[in-house]
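To keep things clear, I will list the structure first and then write my remarks on it.
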Amino acid sequence: MDKRPFYLTTTLPYVNADPHIGFALEVVQADIIARLKRLEEFDVFFNTGTDEHGLKIYKKAQEEGIDVQKYVDKYAKKFDNLKKALNLSYDAFIRTTDEHHLSATKEFWNRCLKNGDIYKKNYKVKYCVGCELEKTDSELVNNKCHEHPNRELEIIEEENYFFRFSKYQNALLDLYEENPDFVTPDFRFNEIKSFVKNGLMDFSISRLKKKMPWGAPVPGDENQVMFVWFDALINYISTLGWPEDKEKFEKFWPGIQFAGKDNLRQQSAMWQAMLLSAGLPTTKRIMIHGFILTESGEKISKSAGNTGRITDPFYYFNEYGTDAVRYYLIRHIHPFEDTNFSPEKFKEGYNAGLANGLGNLVSRVVKMCVNYDVSVKVDELKNIWETNSDSELKKYKSYFEKFEFNKALDLIWNKIGEMDKKITDTQPFKLIKTDEKKAKEIISELVFDLYKIAKLLEPVMPETAQKIQKIIEDKKMPEPLFLRKE
RNA sequence: CGCGGGGUGGAGAAGUAGUAUCUCGUCGGGCUCAUAACCCGGAGACAUCGGUGCAAUUCCGAUCCCCGCAACCA
């Protein structure tokens with residue numbers, strides 16, 4: 001029997017800054033689902049990559065005085081480095097500057113055009129002479145540039161292509177109606193529903209090439225390039241070989257998309273309308289995560305000046321290791337809500353859950369097992385992922401289905417707590433002197449449960465899961481898994 | 001009256017019309033298999049003010065405060 005296909009993708013981070021912890025959250029969430037589905041014998045395709053077009057990148061490269069292509073190459077590498085640091089299992093790392101992606105955007109554009117959804121219109125740009133920059137309404141204070149409040153804004157008109165978003169209002173509402181799980185969590189789904197209900201405005205999907213050459217070419221118009229939105233969203237299908245590779249595309253699309261709350265509109269409304277326009281199936285499901293904020297609840301951003309080491313996933317990787325970062329992101333960062341974060345909180349969570357919790361439990365159980373030479377029977381657990389009878393596993397998986405990562409891990413950590421308590425209550429280390437048989441029985445049960453924990457942790461902390469299994473199979477006292485940090 | 005989300009012990013999360021739960025931290029005790037780890041126990045909370053109810057943290061209203069979004073910030 002052919003394996004059932006399963007496709008999932010993250011958003012593509014924009015390469016105008018180094019990778020930060022917020023994207024690490026998204027990609028780790030997706031990675032855990034990808035690994036889980038592989039264990040469940042799905043044929044998984046997991047996509048991530050980088051978004052490399054647009055004015056910001058163009059300007060940034062100019063500022064640094066380097067060729068734009070070299071600039072994006074450098075950043076793409078930085079993001080791809082997360083693969084090792086976070087032990088990511090993605091199958092594709094797409095870059096929106098890839099040849100194939102560019103040809104896919106062309107086909108996509110043409111389909112929307114054919115369908116009558118792309119038209120030319122005058123676009124009024126508010127331009128601040130002080131900044132020498134175009135300004136959007138949300139950047140303005142009292143209709144003035146906040147950095148140059150004494151200057152009037154100039155209105156510049158240029159001709160751009162627009163996408164007939166407004167046409168898709170009812171189709172989108174129907175889509176939401178027919179797919180009650182379309183967006184997780186519910187409150188985000190409600191947000192987008194009411195946004196669409198309130199009416200949609202067509203949006204601009206191109207820019208004048210002479211002002212901003214760094215974009216995907218618009219087919220049939222030398223003077224325009226695609227606005228980065230339009231081009232970037234198409235990656236979710238171009239990565240599957242669309243439009244040429246029909247077989248692969250039809251096998252995997254539609255899939256599940258992970259995105260941050262700032263992307264709700266783009267992913268669950270704009271992109272869906274684009275797909276409808278191009279005559280393609282809409283996304284299956286969208287998971288919207290919250291933001292990681294600073295300890296005092298501020299947004300992490302360059303302009304706020306609070307990026308740097310504390311938001312750098314590589315810093316935590318170097319200090320604590322891959323699985324510790326995965327653990328913290330998944331257990332202590334809320335899957336849907338914003339969460340305050342700091343290096344101190346990370347350390348606390350690490351010490352409590354990994355050093356004192358899991359790591360210490362492994363040491364105490366294995367020590368008894370080795371010292372008293374207890375026989376180990378764990379064979380029945382080896383194929384646990386292929387069975388469907390284990391109620392604990394079922395519950396665990398059901399949390400992941402709902403993207404409630406934190407609750408899934410709470411389940412495991414409750415089990416760890418119960419095992420610690422069982423050791424204290426039954427005292428096998430004492431019992432061994434008076435009733436060896438009974439003591440060994442208890443220890444054998446503990447080893448069994450520990451091995452089960454290791455199996456359950458496979459999608460979440462793959463390295464640690466393997467290590468624990470090997471320790472038990474080899475019956476050798478290990479080095480501590482997670483040393484306590486002071 | 002632009003739309004929406006929310007305020008639960010020091011921190012983070014659950015939850016319900018009827019003893020308010022869990023995790024971390026903290027304090028006291030215990031244990032020694034273990035990474036000063038682990039176990040037990042204590043202290044500590046439902047933003048404010050009204051209303052309905054036998055009973056409100058939960059339902060309703062008002063107030064205060066936080067936070068998103070407000071259209072092309074990728």
Side-chain angles (χ1 to χ4, degrees), chain A residues 11-16 50-57 96 123 125 134-139 160 162-163 165 185 187-188 190-195 197-207 215 227-233 261-266 269-270 290-291 293 295 297 299 301 303 331-334 337-342 344-345 348-349 351-372 406-407 409-410 413-414 416-417 419-425 427-432 439 443 446 477 479-486:
Chain A
T11 50
L12 302 190
Y14 199 58
V15 293
N16 66 343
T50 42
D51 179 5
E52 306 185 353
H53 286 129
L55 185 64
K56 286 202 169 178
I57 285 166
T96 57
Y123 169 53
V125 186
E134 291 176 11
K135 296 282 168 180
T136 61
D137 286 344
S138 54
E139 287 176 300
N160 284 162
F162 274 70
F163 177 75
F165 194 32
F187 62 90
R188 294 290 171 216
N190 290 337
E191 213 173 297
I192 196 65
K193 281 179 192 164
S194 67
F195 171 76
K197 265 182 209 147
N198 285 332
L200 302 174
M201 268 169 70
D202 297 349
F203 56 86
S204 155
I205 55 171
S206 75
R207 287 290 183 271
F227 186 50
V228 56
W229 284 105
F230 195 83
D231 136 44
L233 289 165
K261 64 177 189 177
D262 57 334
N263 259 277
L264 175 67
R265 213 172 274 177
Q266 291 83 326
M270 293 160 75
F291 279 168
L293 306 175
E295 189 161 28
K299 231 185 201 172
S301 72
S303 50
R331 177 131 192 259
H332 292 292
I333 302 296
H334 195 286
E337 305 275 357
D338 292 354
T339 303
N340 294 3
F341 174 78
S342 69
E344 291 70 32
K345 281 179 195 264
E348 267 180 31
N351 278 337
L354 296 180
N356 303 349
L358 181 60
N360 182 53
L361 180 68
V362 170
S363 293
R364 62 196 305 211
V365 170
V366 173
K367 183 64 177 274
M368 288 188 283
C369 179
V370 171
N371 277 7
Y372 314 140
N406 52 346
K407 288 188 182 165
L409 285 221
D410 281 349
W413 261 260
N414 281 339
I416 290 172
M419 289 174 67
D420 273 326
K421 185 165 160 51
K422 180 171 172 176
I423 296 172
T424 306
D425 289 350
Q427 300 190 300
F429 45 88
K430 255 187 191 167
L431 196 62
I432 194 82
I443 295 165
L446 288 166
M477 194 55 198
E479 291 297 304
L481 284 179
F482 300 101
L483 274 174
R484 199 181 158 80
K485 294 263 183 184
E486 291 312 324

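Throughout, a chain's letter reflects where its sequence line sits, starting with A, and its residues are numbered from 1.
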> What nucleic acid atoms does Asp420(A) come within less than 4.0 Å of, heavy atoms only: base, sugar-phosphate, or nothing?
Replying inline: sugar-phosphate
>> Syn or anti for rG41(B)? Use the chi torsion, O4'-C1'-N9-C4 for purines and O4'-C1'-N1-C2 for pyrimidines, with syn inside 90° of 0.
In response: anti
> Does rC69(B) have a Watson-Crick or wobble mate here (both distances under 3.5 Å), and if so which one?
Replying inline: rG2(B)
>> Rounded to the nearest 0.5 Å, what separates atom CH2 in Trp229(A) from atom CG in Asp51(A)?
In response: 9.5 Å
> Does CD in Glu344(A) sit with more than 12 non-hydrogen atoms of other residues, nucleotides or ligands closer than 6.0 Å?
Replying inline: yes
> Given atom CD of Glu337(A) and atom P of rG7(B), what is their separation to the nearest angstrom?
Replying inline: 9 Å
> rG6(B) phosphate, OP1 or OP2: any side-chain N/O from His334(A) under 4.0 angstrom?
Replying inline: no
> Who is the Watson-Crick or G-U wobble partner of rU19(B), with both distances under 3.5 Å?
Replying inline: none
> Looking across every strand, which nucleic acid part, if any, lies under 4.0 Å from Asn360(A) by heavy atom: base, sugar-phosphate, or nothing?
Replying inline: base
> If we take the P atom in both rU63(B) and rA56(B), what is their distance in whole Å?
Replying inline: 23 Å
> Counting any heavy atom closer than 4.0 Å, what does Ser363(A) reach on the DNA or RNA strands: base, sugar-phosphate only, or nothing?
Replying inline: base
> Mind checking the P distance from rC59(B) to rA14(B)? Whole angstroms is fine.
Replying inline: 16 Å
> With a 4.0 Å cut-off on heavy atoms, is Ile57(A) in touch with a base, just the backbone sugar-phosphate, or nothing at all?
Replying inline: nothing
>> Just the rounded figure in Å: distance from C1' of rC3(B) to NZ of Lys197(A).
In response: 12 Å
> What nucleic acid atoms does Ala352(A) come within less than 4.0 Å of, heavy atoms only: base, sugar-phosphate, or nothing?
Replying inline: sugar-phosphate
>> Does rC39(B) have OP1 or OP2 under 4.0 Å away from a side-chain N or O of Lys421(A)?
In response: no
> Between rU23(B), rC33(B), rC72(B), which nucleotide has the shortest distance from any of its atoms to the side chain of Phe162(A)?
Replying inline: rC72(B)
>> Between rU8(B) and rG4(B), how many Å separate the two P atoms, rounded to a whole number?
In response: 22 Å
> If you measure from CZ on Arg484(A) to CG on Asn356(A), what distance do you get to the nearest 0.5 Å?
Replying inline: 4.5 Å
> At under 4.0 Å between heavy atoms, what does Lys345(A) touch on the DNA or RNA strands: base, sugar-phosphate, or nothing?
Replying inline: sugar-phosphate
> Quick one: which of rC39(B), rA71(B), rC72(B) gets closest to the side chain of Trp229(A)?
Replying inline: rC72(B)
> At under 4.0 Å between heavy atoms, what does Gly359(A) touch on the DNA or RNA strands: base, sugar-phosphate, or nothing?
Replying inline: base
>> By a 5.5 angstrom centroid cut-off and a 30 degree plane limit, is there stacking between Phe203(A) and rC72(B)?
In response: no
> Counting distance only, does the side-chain N/O of Ser363(A) pair as donor-acceptor with the main-chain N or O of Pro480(A) below 3.5 Å?
Replying inline: no
> Distance between the C1' atoms of rG10(B) and rC3(B), in whole angstroms?
Replying inline: 35 Å
>> Just to be sure I understand the rule, does Glu348(A) reach a base, reach only the sugar-phosphate, or reach nothing, if contact means heavy atoms closer than 4.0 Å?
In response: sugar-phosphate
> What is the distance from atom OG1 of Thr424(A) to atom NZ of Lys421(A), rounded to the nearest 0.5 Å?
Replying inline: 8.0 Å
> What does rU26(B) pair with, Watson-Crick or G-U, if both distances are under 3.5 Å?
Replying inline: rG42(B)
>> Over all strands shown, is Ile443(A) touching base, sugar-phosphate only, or nothing at heavy-atom distances under 4.0 angstrom?
In response: nothing
> How far, in whole Å, is rC27(B) from rC46(B) if one measures between their P atoms?
Replying inline: 24 Å
> Atom CG of Asp262(A) and atom P of rG4(B): how far apart are they, to the nearest Å?
Replying inline: 22 Å
> Mind checking the P distance from rG29(B) to rA20(B)? Whole angstroms is fine.
Replying inline: 28 Å
>> Students often get this wrong, so: under 4.0 angstrom with heavy atoms, is Gly199(A) touching a base, only sugar-phosphate, or nothing?
In response: base
>> Is Arg484(A) close enough to rA36(B) that one of its side-chain N or O atoms is under 4.0 Å from OP1 or OP2 there?
In response: no
> So, is Arg188(A) close to the rG68(B) phosphate, meaning a side-chain N or O under 4.0 Å from OP1 or OP2?
Replying inline: no
> Separation of Asn198(A) atom CG from rG68(B) atom C1', in whole Å?
Replying inline: 16 Å
>> For the C1' atoms, the ones on rA34(B) and on rA17(B), what distance do you get once it is rounded to whole angstrom?
In response: 47 Å
>> Looking at rA47(B), which nucleotide sits across from it as a Watson-Crick or G-U wobble partner, both distances under 3.5 angstrom, or is there none?
In response: rU63(B)
> Can you check whether Lys430(A) has a side-chain N or O nearer than 4.0 Å to OP1 or OP2 of rU32(B)?
Replying inline: yes
> Do Tyr14(A) and Val228(A) have side-chain heavy atoms sitting under 4.5 Å apart?
Replying inline: yes
> Which of these nucleotides, rC72(B), rC69(B), rU23(B), is closest to any side-chain atom of Arg265(A)?
Replying inline: rC69(B)
> Quick one: which of rA71(B), rU35(B), rC39(B) gets closest to the side chain of Thr424(A)?
Replying inline: rC39(B)
> Between the main-chain N or O of Phe291(A) and the side-chain N or O of Asp338(A), is there a donor-acceptor pair closer than 3.5 Å?
Replying inline: yes
>> Rounding to an integer number of angstrom, what distance separates rU19(B) and rA45(B) when you compare their C1' atoms?
In response: 16 Å
> From Ser204(A) OG over to Phe163(A) CZ, what is the distance, rounded to the nearest 0.5 angstrom?
Replying inline: 12.5 Å
>> So if I take every side-chain heavy atom of Pro480(A) and compare against rU35(B), rC39(B), rA71(B), which nucleotide ends up nearest?
In response: rU35(B)
